[in-house]
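Heads up, the thing below is written out as structure tokens.
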Amino acid sequence: MIDVLAKDKDIHSFLEYDDTKKKCKNPNGPLANIPCGVKDNIAVEGFHLTCASKILENFVSPYNATAVEKLEEAGAVVVGKTNMDEFGMGSSTDFSAFGGTNNPWNKEYVTGGSSGGSAAAVAADLVPFALGSDTGGSIRQPAAFCGVYGLKPTYGAVSRYGLVAYASSLDVIGVLSKDLDLTEKVFKVIRGQDWRDQTSIAYPEEPAKPRNGKLSFTYLEGDLGLTPEIEKGYKALIQKIKDKGFEIKGVQVPSLEYVIPVYYTIATAEASANLARYNGIRYGHRSKEGETPMDLMEKSRNEGFGDEVKLRILLGTYVLRSGFQDQYYIKAQKIRTKVIDDFKKIFSTSDIFVAPAFPSQAFKHGNAGLTAYQQKVADKFTVTANLTGMPALSIPVGMENGLPVGMQLFANYCCENLLFDAAREVL
Ligand code: GLN
């Protein structure tokens with residue numbers, strides 16, 4: 001037995017850890033007795049559900065998310081809730097209201113985010129796998145920063161009942177682990193249609209097959225603005241795919257130039273609506289100062305939300321204000337449709353699309369790292385899979401300067417099995 005709490009002291013991957021709360025419910029299940037962490041925006045009965053926000057600091061979940069229910073039915077045991085950027089908004093986990101997480105490879109560096117706690121917990125061997133959520137890269141980018149696998153499934157493949165909403169047309173629950181087979185196994189357990197989430201889909205029983213009997217690849221080419229370490233890892237991966245005899249061709253995707261403004265328009269618009277429920281009245285933090293209902297709401301929200309969350313609510317409210325929807329939100333949705341068309345075309349001629357996970361390796365905490373704005377711009381390789389709803393897998397490809405290098409594989413809807421096959425082939 002490892003002393004998880006002692007080991008986590010200077011990593012801070014868990015916001016709450018208690019391996020006595022839950023018992024294995026199925027000793028014969030495919031995940032029997034496997035401990036796991038769950039991001040703190042996914043409901044686990046009897047554990048806190050804070051979203052790393054002061055506004056939900058004392059909230060304890062009275063029920064399990066469907067994904068957690070399915071894990072328990074398969075025998076897995078939830079041991080704790082993992083740290084994150086407040087409400088999933090960020091790329092470092094430093095935007096947690098309860099203090100950030102340190103990268104287990106080097107504590108001066110961030111884990112990435114927003115599922116940084118989940119990524120660090122598996123990278124530090126505190127749990128064999130963890131659940132995360134991915135709205136714009138929040139599973140894949142921290143997985144790349146911490147040197148683990150991170151699967152963002154097809155939109156709707158995993159029920160979101162019990163996931164606290166950030167941006168509803170983009171959010172998905174997924175898996176982080178050091179073990180590729182375990183990542184796949186967990187995905188198979190948690191996926192499937194759920195009447196409690198009307199956006200969930202009936203996942204096909206039959207695994208997808210490569211178009212021509214053998215996997216074929218496309219990679220993103222052009223000036224991608226990568227650091228030398230990421231550039232080196234990316235080129236090496238492409239070479240490896242070639243060396244193994246797979247068909248691979250380069251493509252430019254001009255619409256990718258617009259994905260950041262499109263993503264941040266749609267994500268903040270939806271977030272501003274979803275976060276309206278935190279009003280200090282139904283549950284969560286309530287200000288002691290309020291004199292009228294309006295005043296109470298205003299003060300509760302002002303005290304409960306962190307700066308980054310406030311910024312996004314403001315942005316979202318701005319792009320949705322009356323008379324301006326055409327200019328921002330609707331325009332963003334049109335470009336989103338174009339991006340979807342472009343990726344459908346890519347997957348009509350190849351099975352797997354290859355791109356970096358992030359333009360750089362993990363960056364340092366604080367001022368020595370990336371500004372909040374630079375972090376947003378750097379989401380350019382991850383947000384596409386959320387805009388299209390297609391699945392993507394972050395894979396660790398090596399180490400540079402003592403920190404992991406991660407790459408990304410994308411596939412068409414419900415072709416997760418091809419992502420796992422491709423990862424096995426190219427590593
Ligand atoms: N960095 C992205 C954002 O801040 C990722 C968010 C996510 O996937 N939850 O919105």
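Start at 1 and go down the list; that is how both ligands and their atoms are numbered. The structure displayed is predicted, hence computed values, not measured ones.
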Item checked: Backbone or side-chain N or O of Gly137 under 3.5 Å from ligand 1 N or O -> yes
Next item on the list: Measure up the Phe343 and Phe410 rings against each other and bin them: parallel (under 30°), tilted (30 to 60°), perpendicular (over 60°).
Entry: tilted
Next item on the list: Indicate yes or no: does an N/O atom of Ser138 lie under 3.5 Å from an N/O atom of ligand 1?
Entry: yes
Next item on the list: Please identify which atoms of ligand 1 are closer than 4.0 Å to at least one heavy atom of Met89.
Entry: 4 (O)
Note to self: List ligand 1 atoms under 4.0 Å from Asp134, heavy atoms only on the residue side.
What the structure shows: 8 (O)
Next item on the list: Please confirm whether Ala267 comes under 4.0 Å of ligand 1, counting heavy atoms of the residue only.
Entry: no
Check: What atoms in ligand 1 come closer than 4.0 Å to a heavy atom of Tyr166?
Finding: 3 (C), 6 (C), 9 (N), 10 (O)
Checklist line | Lys39-Ser115 side chain donor-acceptor pair, cut-off 3.5 Å | finding: yes
Next item on the list: Return yes when Arg312 approaches ligand 1 closer than 4.0 angstrom through a heavy atom, no otherwise.
Entry: yes
Check: Does any N or O atom in Gly90 lie less than 3.5 angstrom from one in ligand 1, N or O only?
Finding: yes
Next item on the list: Measure Thr135 to ligand 1 on non-hydrogen atoms and call it side chain, backbone, both or neither using the 4.0 Å cut-off.
Entry: both
Notebook entry, point to check: Is it the side chain (CB and beyond), the backbone, both or neither of Ser114 that lies under 4.0 Å from ligand 1, heavy atoms counted?
Noted result: side chain
Notebook entry, point to check: What atoms of ligand 1 come within less than 4.0 Å of a heavy atom belonging to Tyr263?
Noted result: 2 (C), 3 (C), 5 (C), 6 (C), 10 (O)
